[in-house]
Every structure is written in C-alpha cells, then in structure tokens.
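For the numbers below, each heavy atom of this structure counts, side chains included, while hydrogens, waters and symmetry mates do not. Chain letters run A, B, ... following the sequence lines, proteins first, then strands; residues in each count from 1.
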Amino acid sequence: MSEAYAKPLPAPSPVTQPFWDGLREGELRIQRCLDCGQHIFYPRTACHHCLCDRLEWTKASGRGTLYSFTVVRRAMNPAFQADVPYVFAIVELEEGPRVTTNIVNCPLEALRVDMPVKAVYDKVTPEAALLKFEPA
Amino acid sequence: MTLKRAAAITGIAEMRPSPSPDGKSTLGIMVEVAREAILDAGLSPREVDGLLIGPPITEMVPMWPAHVGEYLGIHPRYEDVVDLGGASAAGMAWRAAAAIQAGLCNAVVCVTGEASDVETFYAPRTRRPTQQLPIREFEAPYGPMGVNSGYALIAQRHMHEHGTTSRQRAKIAVDQRTNACANPDALFYGKPLTIEDVLASPLVVDPLHLLEIVRPCTGGAAFVVVSPEIARRSPQTPVWLLGAGECNTGLTLSQYDSITTSPIAVSAPTAFQMAGVAHKDIGLLSVYDCYTITVLITLEDAGFCRKGKGGAFVEEHDLTFTGDLPLNTHGGQLSFGQPGLAGGMSHVTEAVRQLQRRAGQRQVEDLELAFVNGNGGIMSEQASLILGVE
C-alpha cells in the first residue's frame, strides 16, 4: 500500500460526514425524515419529499438490488485505467433510495439487472471508505 | 398564455464541424456564426437588441454576452446565458420568443460555439469549489466515464425493462449516417455505415458501442429570433415558433424516479398542446442524439410510439430524409459531430433549414411542421419545440 491513492476521494461536508464516518466503521448510515418517514440519500439538510428539516440518521440494512450497471472499458480519469473493465452501477437500497456505486467480487457475465446485492465497505485509504456492493 | 406565433426564426448560420480547432478560438467561432446569422436574417448589428449565449463546455468564462456583444457591436437590451447543456439551444428559442412577446426586444441572436477536440473535451478540467456538489461527492469516487456511463446505465435498464436490443439502437446510427452522406458538412460525410459495423465497433461502456456515441469536435451555430413585424419583411421564410415546453428533473442519475423515462414526457406534450398539432402532422424530427438510446427514449416520451416500443418503432420506420419518418436529416450529432452546445443547436438550425427549403440534396419534400428536441445532462434537462412555416 505504498502507492498513493490517485482516484477522486469524497470531500465530506458537515452534512455528509456521518455517512462517510459510517462507511469507515463498516456501517451504512442514511437519513430518514421524521415527518414523512421516507429514507433519504444523498445526505441533505432537508427532506426532498416534503422539505421538512427534521432528519435522523438510521442504519440501513446494506441489502439492495442492482438497478442498472455498465462495464467501463475505457477510463476517462487515468487513475481508473488499471481497473478496466470495471462495473459502474446504481443500486436500489432496500429502504428505497438509490446510490451510485461499483459492483465488486462478481464475474462480468454474472451481472443481471435487479439481482440482489449486499454492501461492501472498501477502505481505500486510512481516512476514507467507499460503499460498494457484491452479489448477495 | 401561449408563445404560439409570438416570434419566428429567420436567420441561421453554422460552422462546418472539424476534428480540432485549427487555430480558431471559441470567441472567434461565436462571433463568426453570430455575424453570419444576423446577415442571413437581413439585419444590422444595431437592429439586434437581444443576445443569448450557450456557455462553451471547455471554456468557463464569466459574462459571455458582454464579450460577444462587444465584439459584434451589439448592445442588447435582453441578454443571458442559457445553461441547459444540450437543451440550451431549444431553450433559447422559446426564451427569445417570450422576451419578444413581453416587448423587451425585437431581434435576438442565439449563439453557441466550441473550439475543442476529443483530447481537450475529455481532459480533466480544473473545477474549484465544486467538490461538494453531490454529483462529485457521491459519483466521482466510483469512476464514471463522463456522461457516457450515465447513458449506458439508461440503455442497460431499458433493455431489461422493455427487451430493447443493441441491433435496434444501431439502426438509429445507421439511418442517421445515411442522412450524413447527403450532408457534405457532416464530420462523417462519405462514410456509410451498416448495423454490423455499429455492433462490431468496440464496447466502450456496456451496452453502448463506440459508434453509438458522439464525437466531440470544433464548431458553432447561431440563429436569429425576431418579432412578427420583422419576420414579415425578412429575406428568409419565417419559421414560426408554434409550441414550446421544458422540464428538468435533476442531474444525478441515482436521484431520478426512473432512468428510462425522461421529462420529455412533460416538455413534448406541452409543446404539442401549445401548437395544437398532432404527431401525424410532423414531417421532420430533429432530436438530440448524443447516443442512440437518447433518440429511442425521445421517440417514446414525445409520444411518437408507446413507452417501451421505441426499439420496434425504429426498426419499422425509415428515418432517412427520403423515408416515412425523416429524423436528424443533417446526420444528427452522431454523424454531424458534437461541437459543444452547438451540437444541440444543430437540431434547431437543421429544422429551420429544412422548413425554409434550403437543405439541398437532403431536402424533405412538402415539409410544414418539425418537432425539435434539446436534451441536457443525462436525459434530465429537456426543451421541446414545434416549428412551422405557413
């Protein structure tokens, strides 16, 4: 791990910090609106369903389905070139919201839209972990 | 309220796309096409009292209207930057008409231009305090391939939901290439294509092949929107704005209600209702085509076929300029080239050119009505127009 991590890293704000902290601790934390009850992702200052600003952090199950995926065969950012072909995807969480992610630990030919997946916490640097998914 | 016949497009200009800038600057291109469009409309600089600019993608400069206006000697009373990505040009057309209808101005020149090439376009651009935009914080760490990967996600899900095939999408690229082969200005003029060619081109972002993806290049375009009074004494056939609609549903794909239905389902019906015309009356479709899937979903959401039936629809119809459903007769951006936001404007200029009977060997016969669609972001920003001649 002597090589520096060259890919873009999140720059958390006070609003989004609990999400990134959760990933580092191996937990998927998302917000829920105390008024309408809907789960929310990405983290916001107010609910985008009803604009209520009373939100709580909850632990999500980490289970979901593969909403859609693509296999990137040419990297736009050179830092990803060594990874091609890699899977760029959207996962729909069991709680409702969708997240942009990578699918890992899955042969490309086994990928199917709507297949069940579960969260993987990829600690890419000592400070940052990314939310990825693998077949459930 | 309506914008029906509030204004007309008279003058147009378009620079022939080229793979690289060849010494041209973005400002240079914008003033060149603006000048030609104003002259085409038969106006002088001081008769132009409105100026709308589509912001160049590779040159983020504050106050573009001031730079362009000063260079051309235009002193606009109505000016703005219309920042809707690929929907900017269609968005400019109705904004100009609304400003004219409100009495703010009488003649608006709408301008786009880009001095760029594939390398410049895809080079990582310095962006200062935007790190905390959600699309950066929650997408960039996962390695998107620009917007290519977003459209690929849409195409993949559309295949899953509706059984759409790559062969069906490829038909769109092939018919548009046939059109480009009748347009000497197209970047891919003289290079006919088959469905097998498209399917044999490398997969870039599954399921999209290289020949389903636009090529960034250098170019520019402009059009002039004028009041009915000016339109009636124009040297060109006035092309009337009959209907317009717009809708935006965000930018970050994970936040959409559905990635396979676009807000064209809102913008297009709005435009059709304003114009009071039916789909069967439309003789030309000039619709944004950054990727093949963009056209397919546009046909569905604009109501030319049922949702999910776009694949079968493009197989059943001949989309060439001699076909039963002429679509993107200039070749579309897939074959004409994508010079920044001027790519989106090419759908407006081609519709005007066709309606004014100035399309040369690719002229569509007996044309009275055209449907134009501008698409920005990742199918999330939509502006639809109905244009017509008397």
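Two residues are said to be in side-chain contact when any heavy atoms from C-beta on lie closer than 4.5 Å; B:L210 and A:R74 meet this criterion. The side-chain heavy atoms of A:D114 and B:R157, taken from C-beta on, include a pair separated by under 4.5 Å. Residues A:F88 and B:L153 have side chains in contact (heavy-atom distance under 4.5 Å, counting atoms from C-beta outward). Between B:E137 and A:Y42 the shortest side-chain heavy-atom distance does not fall below 4.5 Å. Residues A:F80 and B:M145 have side chains not in contact (no heavy-atom distance under 4.5 Å, counting atoms from C-beta outward). Counting only heavy atoms from C-beta outward, the side chains of B:V205 and A:R73 never approach each other to under 4.5 Å. Side-chain atoms of A:T70 and B:S149, non-hydrogen and from C-beta on, do get closer than 4.5 Å to each other.
Under a 4.0 Å N-O distance rule, the pair A:R98/B:D257 does not qualify as a salt bridge.
Of the possible polar contacts, none joining the B:Q156 side chain to the A:S68 backbone as a donor-acceptor pair under 3.5 Å is found. No donor-acceptor distance shorter than 3.5 angstrom exists from the side chain of A:Y86 to the backbone of B:Y142, with no hydrogens or angles considered.
Looking at A:F41, both its backbone and its side chain come within 4.5 Å of chain B, counting heavy atoms on both sides. Residue B:L208: no heavy atom, backbone or side chain, is found under 4.5 Å from chain A. Neither the backbone nor the side chain of A:R112 comes within contact range of chain B; no heavy atoms are under 4.5 Å apart. Both the backbone and the side chain of A:V72 come within contact range of chain B, with heavy atoms under 4.5 Å apart.
Taking the ring centroids of A:F19 and B:F138, they lie under the 6.0 Å cut-off.
Among residues two or more places apart in sequence or in another chain, the side chain to side chain contact (heavy atoms under 4.5 Å, CB included) test is passed with A:A110 by A:C106, A:P107.
Within residues 126-134 of chain A, the residues having any heavy atom less than 4.5 Å from a heavy atom of chain B are, in residue-number order, A:L130, A:L131, A:K132.
Contact tally against chain A (heavy-atom pairs below 4.5 Å) for B:I259, B:I154, B:T252, B:N148: the top residue is B:I259. Of the listed residues (A:I90, A:V15, A:D83), the one with the most heavy-atom contacts under 4.5 Å to chain B is A:I90.
With a 6.0 Å radius and a threshold of 12 heavy atoms from other residues, nucleotides or ligands, A:K7 has its NZ atom above the threshold. Around the NZ atom of B:K307, the shell of radius 6.0 Å holds more than 12 heavy atoms that belong to other residues, nucleotides or ligands.
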